Amino acid sequence: MTEVPEHLLKRASEARARMTGEAPAGEAGAAPAAAPSTAPVPAAAASTPAIPEPPAPPAPVAPYVQAALRRKTIPVWVIPVLLFLPIWAIYYVGYLENPPAEPTGLAYEGGEVYAAQCAGCHGAGGGGGSGRQLNGGEVLLTFPSLEAGASYDGLAGMIHWIANGTQGTVDAGMLNYGDPDRPGGARVPGSFGGQMAAFGGNLNAEELLAVVYHERSTFGDAGDEAGAAELALLDELVHLTEEEGVTSFADASLEEIQSWVDMARAQLGEGGNEMAAG
Ligand code: HEC
């Protein structure tokens, strides 16, 4: 066996040390600088477990949870229905508060006022009761004239009568109201056996004009040409009193009312003079 020379053994040991990063055998205290030690870093990274832990076995499910899972759930189509529900509710309430087709206008308002304030004494259909009969043309026999200048026997007289009632008419110094030549004789306040209250303070100007129209059209000349012309005149009168700042007929004299009626007739033009009496 030939002996390996000492310097070759040393070189081999150094080369092994370069490859493995360990200090050459027998020279632990003097590792060469040419052999940087980088190996420990990958060794540390490899120490974290790369394989995920196996999942824990599922916990046992309580019977009431199983029952809940088995129970039928709400179908999917219910969701849009539920979303739409509040919108529908808002629309529904809105329609309750604002009826879409509420009738308006003087004729409608007159019917409302009559039912609330007059029907109790004059009957729902104007047939009379504790108040005089108005239907069958009776009210137009008392206040027939729609001629310009008509006062006690026309529209002005009727407005004044309703605004003042029995006592107010007597207080105004009138011995009778309406057309003195009406069939059955002149109307004397109080002659019917009861008193009619004054409505001038209770009803505003528009409400009073509306109920005048209601009585004349519904119990008199409803639907015909004169009725249409009369509605136009009363509509004009509503605008005119509004413009003049007349809010009620409570303190208006017969002459004042007559002048307003004539002004409204003039504003309507020639047509106003052609209106026939009922
Ligand atoms: C408390 C009962 C009562 C109420 C309410 C009442 N009236 Fe009268 N009305 C009478 C009486 C009574 C007479 C007859 C008065 C008289 O002879 O002095 C009368 C007469 C009339 C006349 C005259 C009829 C004619 O041919 O002589 C008219 C028009 C009239 N009322 C309209 C109305 C209107 C419009 C209302 C509602 C705003 C109304 N009345 C509410 C009791 C009432």
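Sequence positions, counted from 1, serve as the residue numbers for this chain. Counting starts at 1 for both ligands and their atoms, following the listed order. Just so we're clear, the structure is a prediction, and the values are computed from it rather than from any experiment.
Protein heavy atom at the shortest distance from atom 18 (O) of ligand 1 is Gly190 N, 2.6 Å. Atom 2 (C) of ligand 1 has its closest protein heavy atom at Cys121 SG, 1.9 Å. For atom 35 (C) of ligand 1, the closest heavy atom belonging to the protein is Glu215 OE2, 2.8 Å. Looking only at protein heavy atoms, the nearest one to atom 24 (C) of ligand 1 is Leu134 CD2, 3.8 Å. Here the heavy atom of the protein found nearest to atom 26 (O) of ligand 1 is Thr142 OG1, 2.6 Å. Of the protein's non-hydrogen atoms, Cys118 SG, 2.7 Å is the one closest to atom 38 (C) of ligand 1. Of the protein's non-hydrogen atoms, the one nearest atom 5 (C) of ligand 1 is Gln117 O, 3.3 Å.
Remark: among candidates His214, Met158, Met196, the nearest residue to atom 33 (C) of ligand 1 is Met196, based on non-hydrogen atoms. For atom 21 (C) of ligand 1, the nearest non-hydrogen atom from the set Tyr177, Phe219, Tyr114, Trp161 belongs to Trp161.
In terms of heavy atoms, Trp161 sits closest to Phe143 at CB-CZ, 4.0 Å. Of all heavy-atom pairs spanning Leu208 and Phe199, the tightest one is CD1-O, 4.3 Å. Considering all non-hydrogen atoms of both residues, Gly201 and Ala250 come closest at N-CB, 4.0 Å. Across Pro189 and Val170, no two heavy atoms sit closer than the pair CB-CG2, 3.7 Å.
At a threshold of 2.8 Å, atom 8 (Fe) of ligand 1 has a backbone or side-chain N, O or S atom of His122 nearer than that distance.
Close N/O approach between Arg187 and ligand 1 is found [any backbone or side-chain N/O within under 3.5 Å]. Ligand 1 has no nitrogen or oxygen under 3.5 angstrom from a nitrogen or oxygen of Ser130. Any N or O atom pair closer than 3.5 Å counts here, and Gln195 shares no such pair with ligand 1. Considering backbone and side-chain atoms together, Gly131 places no N or O closer than 3.5 Å to any N or O of ligand 1.
Residues Asp179 and Leu141 are not in side-chain contact: their nearest non-hydrogen atoms beyond the backbone lie 4.5 Å or more apart. Using a 4.5 Å heavy-atom cutoff, the side chains of Val261 and Gln258 are not in contact.
Counting heavy atoms closer than 4.0 Å to ligand 1, residue Phe199 contributes side-chain atoms (C-beta onward) but none from N, CA, C or O. Residue-level proximity to ligand 1 for Leu141 is absent, since no heavy atom of it falls below 4.0 angstrom.
Those atoms of ligand 1 with a heavy atom of Thr166 less than 4.0 angstrom away are 15 (C), 16 (C), 18 (O). Of all atoms in ligand 1, numbered sequentially from 1 with element shown, those under 4.0 Å from a heavy atom of Arg132 are 14 (C), 25 (C), 27 (O). Atoms of ligand 1 lying under 4.0 Å from any heavy atom of Gly194, numbered from 1 in the order shown and given with element: 12 (C), 16 (C), 18 (O). Annotation for ligand 1: atoms under 4.0 Å from non-hydrogen atoms of Ser191 are 17 (O).
Between Glu215 and Arg132 there is no salt bridge, since no side-chain N of the basic residue sits under 4.0 Å from a carboxylate O of the acidic one. Salt-bridge formation is not detected for the pair Arg265/Glu147: no Lys NZ or Arg NE/NH1/NH2 atom is positioned less than 4.0 Å from an Asp or Glu carboxylate oxygen.
Using a 4.0 Å heavy-atom cutoff, Gly120 is absent from the residues neighbouring ligand 1. Contact between Pro189 and ligand 1 is present, with at least one heavy atom of the residue lying under 4.0 Å from the ligand.
Counting heavy-atom neighbours within 6.0 Å of Asp251 CG, excluding the residue itself, gives a total of 12 or less. Shown here is Tyr152, whose OH atom has no more than 12 heavy atoms of other residues, nucleotides or ligands within 6.0 Å. Within 6.0 Å of CG on Leu175 lie no more than 12 heavy atoms contributed by other residues, nucleotides or ligands.
Put simply, the side chain of Arg187 never gets that close to the backbone of Phe192: no donor and acceptor are under 3.5 Å apart.
Ring planes of His214 and Phe219: perpendicular class, angle over 60° (limits at 30 and 60°).
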